[in-house]
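Input: a single structure, listed below in structure tokens.
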Amino acid sequence: MSTLTARSPEAAPRRSGTTPAPRRRGKPRGRMTGWLFVGPFVAVLVLMLIVPIGYALWLSLFRDQLIGGNQFVWFANYVQLFQDAKFWSGFGRVAIFLVVQVPIMLGLALVAALALDSARLWGTGFFRIAVFLPYAVPGVVAALIWGFIYGNQFGLTGAANDALGIDLLQPFSPSWVLTSIGNVVTWEFLGYNMLIFYAALRTVPGDLYEAAELDGAGPMRTVFSIKLPALRGPMVIATIFSIIGSFQLFNEPNLLKTLAPNVIGSAFTPNMYAYSLSFSGQQFNYSATVAIVMGVITAVIAYVVQVRGTRQENR
């Protein structure tokens, strides 16, 4: 009598010539997922930055001629710009503004951040909000507020001059107008830079302060040995932002121009000059040339500051 043994499915032999099904790789799916995340940013970057820069560069290579219309002139607009006295006069003003205003603003922001971090300042919360609050005010509103204060006929300056009986304060005089604009910009962005420095100081480990206290280091020694070295990176970032903002100076002088038309002209800054060329003079090609040159100058100076700051931070 023979018996039959039932074989389990696992024990069944495989047929010859069959190969296991290949496993699906997740790499292509991962690539698509990554592009779904970065795709919107790349689209906005291309449409809002790359395309406008390319179009401005293309415009700068053309010029409207009396005969023939808009013609390709290569770099003739750039040659004309480097010989343009109005452009270099405005560039000189923003360069002076950068050299004088930026160190004062960053120095005051640094002092304010150190005062907040010292925990010895009375009313720290109120002081922090009071210093940062002007940054929340739109630039147009800030310029209008200070324009009213600077007014010789109706503002606080005019009232002070009337009380003294002499014209002591002249914010819109040719020798003081750039200082007046610098005061407005400092008032606006002091709190912004203070917040950058204060946030960096809050990340310093408490062990460093305890070790410094055990070694007998006083408050000033702690500032120069611990706090200031920790602020090198944020200082570089704030300096780069301030450089870019200085070369982009436009809102404040453009709004104050109505109060001092004889002092603040249409070419007071390079950005105002480009705006006037484009919207008042209909010289779009030359305006694009001014924008391209200022963008290159700003990028080069910001890059130099970043490289030097990074080298000092890595020492």
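Please read these numbers as outputs of a predicted model, since none were measured by experiment.
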Q) Out of Tyr273, Phe268, Tyr275, which residue meets the ring-ring contact (aromatic ring centres under 6.0 Å, His included) rule with Phe250? A) Tyr275

Q: Only pairs at least two apart or in different chains count here, so list each ring-ring contact (aromatic ring centres under 6.0 Å, His included) that has a residue in residues 218-237.
A: none

Q) Is the Trp88 ring parallel, tilted or perpendicular to the Phe91 ring (thresholds 30°, 60°)? A) perpendicular

Q) Does the separation of the ring centres of Tyr55 and Trp58 fall below 6.0 angstrom? A) no

Q: Report the relative orientation of the aromatic rings in Tyr150 and Trp146; use parallel for angles under 30°, tilted for 30 to 60°, perpendicular for over 60°.
A: tilted

Q) Between atom CZ of Arg93 and atom CG of Leu178, what is the distance when rounded to the nearest 0.5 Å? A) 8.0 Å

Q: Identify whether Phe189 and Ile244 are in the same connected component of the hydrophobic contact network (ILVMFWY, side-chain heavy atoms under 4.5 Å).
A: yes

(Q) Is there a path of hydrophobic side-chain contacts, each under 4.5 Å between heavy atoms, that joins Val137 and Phe148? (A) yes

Q | Worked check of side-chain contact (heavy atoms from CB on, under 4.5 Å) between Thr269 and Gln248 | A | CA-CA 8 Å; Thr269 66; Gln248 292 180 347; over 6 Å; no

Q. Is the ring centre of Phe284 less than 6.0 Å from the ring centre of Phe62?
A. no

Q) Once the angle between the rings of Tyr135 and Phe132 is folded into 0 to 90°, is it parallel (under 30°), tilted (30 to 60°) or perpendicular (over 60°)? A) tilted

Q.
If only side-chain N and O atoms count, and only distance matters, is there a donor-acceptor pair under 3.5 Å linking Ser278 with Gln283?
A. no

**Q.** Distance (rounded to the nearest 0.5 Å) between Asn262 CG and Lys257 NZ
**A.** 12.5 Å

**Q.** From CG (Leu106) to OG1 (Thr186), nearest 0.5 Å
**A.** 9.0 Å

Q: Apply side-chain hydrogen bond (donor to acceptor under 3.5 Å, both in side chains) to the pair Ser60 and Tyr78, showing each step before the final yes or no.
A: CA-CA 8 Å; Ser60 67; Tyr78 294 92; 2.7 Å; yes

Q.
For the aromatic rings, using the six-membered ring if either is Trp, is the centroid distance between Phe72 and Trp74 under 6.0 Å?
A. yes

